[in-house]
2 protein chains.
Amino acid sequence: MNIGQASKASGVSAKMIRYYDEIGLVQPSARTDSNYREYGERELNELRFIRRARSLGFSMAEITQLLSLWRDRERPSREVKAIAERHLAGLDARITEMQAMAETLRHLSRCCAGDDRPDCPILADLTAGSLPSEPKTPSRRRSA
Amino acid sequence: MNIGQASKASGVSAKMIRYYDEIGLVQPSARTDSNYREYGERELNELRFIRRARSLGFSMAEITQLLSLWRDRERPSREVKAIAERHLAGLDARITEMQAMAETLRHLSRCCAGDDRPDCPILADLTAGSLPSEPKTPSRRRSA
DNA sequence: ATGGACCTTCCCATCATGGGAGGGTCAAGC
DNA sequence: GCTTGACCCTCCCATGATGGGAAGGTCCAT
């Protein structure tokens, strides 16, 4: 199977398949005389594995580990689970963070008239710009 | 105020302040004879504005628009609101997507013993790898 | 006048992905 | 056989926001 066929069959772009080859993640089982990459069922399954793992948000670094566990028939499921849980924790953290952003935006948006007038609580909020730590006297800077 | 002071006062790294200068987003009000960037209150507020907007997840492209509205005393709040709502919609979409990932992972993780044995529903799921759309006859090409 | 803290510019790296140029290969139809 | 179009190859560049670091100039306090 050449790269185009592997791409169609795995749902991974040819560009990415070449990239995985380059970084040594999934190498073609062979090359033809004319230097075309050739992939077999095994590589195909690995490409599908990667695609599925990417769709769950795993980074390439994590996938590298997962794939090597996948290849190892002796792996302890503990290790797989640890990777998954670490990733899940990161995911949850990012979700929480984004939810906070979304809530703030929803609030500001609700407060904004959204008409022709220039007064805008959204811009007002951005202007307030509380510093990370120190509160600091609220800068009553010249109207500018 | 030089770049270090502006950095401290705004919470934006000096590196980023130089970058904003380079892309023309916030330029120093002047340069000293020795070519040091000089920032005034106005620029300081713009930097704080950016920092706050970044913390709400706006992209630099969005911030460019927001900043130009912020500078325009005649802006219609409608435009600000539109940007905010578009961004909010994108955030919500990403949150939903990540929640789906997290739910899947939580489920898989719950099903995984996480012990010394190699059997692992997480790897099993990744192996299943359903194709994006077309089922397609399972390509029985030469077994390779 | 010396040292250290600061500033400058320029280059490189990230991470996963795509775009495109320039050139070789293969298979089908004539 | 030869042409044509669809494929493949490698190599380079770009993304977005950020940081790291080198090489060299500046400022200030001792």
Side-chain angles (χ1 to χ4, degrees), chain A residues 1-39 43 46-47 49-67 87 90-91 94 97-98 101 132, chain B residues 1-39 43 46-47 49-67 87 90-91 94 97-98 101 132 141-142:
Chain A
M1 200 179 324
N2 67 26
I3 202 172
Q5 296 167 318
S7 171
K8 255 176 219 150
S10 68
V12 176
S13 75
K15 211 79 184 183
M16 277 300 101
I17 296 180
R18 288 195 196 97
Y19 174 64
Y20 299 153
D21 177 8
E22 187 190 325
I23 65 175
L25 192 51
V26 177
Q27 264 148 352
S29 53
R31 293 269 191 158
T32 67
D33 286 351
S34 50
N35 209 28
Y36 283 22
R37 289 170 181 83
E38 284 201 312
Y39 294 93
E43 290 75 33
E46 293 183 347
L47 291 172
F49 180 98
I50 294 173
R51 195 180 56 77
R52 172 75 176 142
R54 286 294 297 146
S55 83
L56 288 178
F58 285 101
S59 70
M60 293 313 296
E62 289 164 329
I63 290 176
T64 301
Q65 300 176 64
L66 287 174
L67 200 50
H87 175 50
L91 216 40
R94 280 193 291 151
E97 195 184 348
M98 290 172 70
M101 291 178 184
Chain B
M1 199 178 328
N2 68 25
I3 203 172
Q5 296 168 319
S7 172
K8 255 176 220 150
S10 68
V12 177
S13 75
K15 211 81 183 181
M16 279 299 102
I17 296 179
R18 289 194 193 97
Y19 174 65
Y20 299 153
D21 177 7
E22 187 189 325
I23 66 175
L25 193 53
V26 176
Q27 264 146 351
S29 54
R31 291 269 191 158
T32 67
D33 287 351
S34 50
N35 209 28
Y36 283 21
R37 288 170 181 83
E38 283 201 314
Y39 293 93
E43 290 74 35
E46 294 182 348
L47 291 173
F49 180 98
I50 294 172
R51 193 179 57 77
R52 173 75 176 142
R54 284 296 296 147
S55 82
L56 288 178
F58 285 102
S59 70
M60 293 313 295
E62 288 165 330
I63 291 176
T64 301
Q65 299 176 61
L66 286 174
L67 200 50
H87 174 51
L91 266 183
R94 279 192 290 150
E97 195 184 349
M98 291 172 70
M101 293 177 184
R141 311 201 139 269
R142 65 187 192 289

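Chain letters run A, B, ... following the sequence lines, proteins first and then strands; every chain starts at 1. Atoms considered below: every heavy atom in the structure, side chains included; atoms not considered: hydrogens, waters and symmetry mates.
- The CG-P distance, from A:Asp33 to C:dA27, rounds to 12 Å in whole Å.
- Side-chain atoms of B:Arg54 come within 3.5 Å of backbone N or O of B:Phe58 as a donor-acceptor pair.
- The two residues A:Leu47 and A:Val12 make their nearest non-hydrogen contact at O-CG2, 3.6 Å.
- Between its two ends, the helix from C:dA1-D:dT30 to C:dC30-D:dG1 turns its axis by 30°, counting five pairs per end and rounding to 10 degrees.
- The CD1 atom of A:Ile63 sits 12 Å away from the C1' atom of C:dC15 (whole-angstrom rounding).
- Between the CD atom of A:Glu62 and the P atom of C:dC15 there is a distance of 12 Å, given to the nearest Å.
- Atom OH of B:Tyr39 and atom C1' of C:dC6 are 15 Å apart (whole Å).
- Rounded to the nearest 0.5 angstrom, A:Met16 CE and A:Glu22 CD are separated by 9.5 Å.
- Looking only at distances, no side-chain donor or acceptor of B:Arg31 sits under 3.5 Å from a matching main-chain atom of B:Glu38.
- The backbone N or O of B:Ser59 sits nowhere less than 3.5 Å from a side-chain atom of B:His87 that would complete a donor-acceptor pair.
- Between the CD atom in B:Glu46 and the CZ atom in B:Phe49 there is a gap of 9.0 Å [rounded to 0.5 Å].
- By the 4.5 Å heavy-atom criterion applied to side chains, A:Tyr39 and A:Ile17 are counted as neighbours.
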| field | Protein proximity profile, nucleotides 2-18 of chain D - base contact B, sugar-phosphate-only contact S, no contact -, cut-off 4.0 Å on heavy atoms | value | -----BSSB------SB
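- Looking at B:Arg37, its side chain never comes within 3.5 Å of a backbone N or O of B:Arg18 through a donor-acceptor pair.
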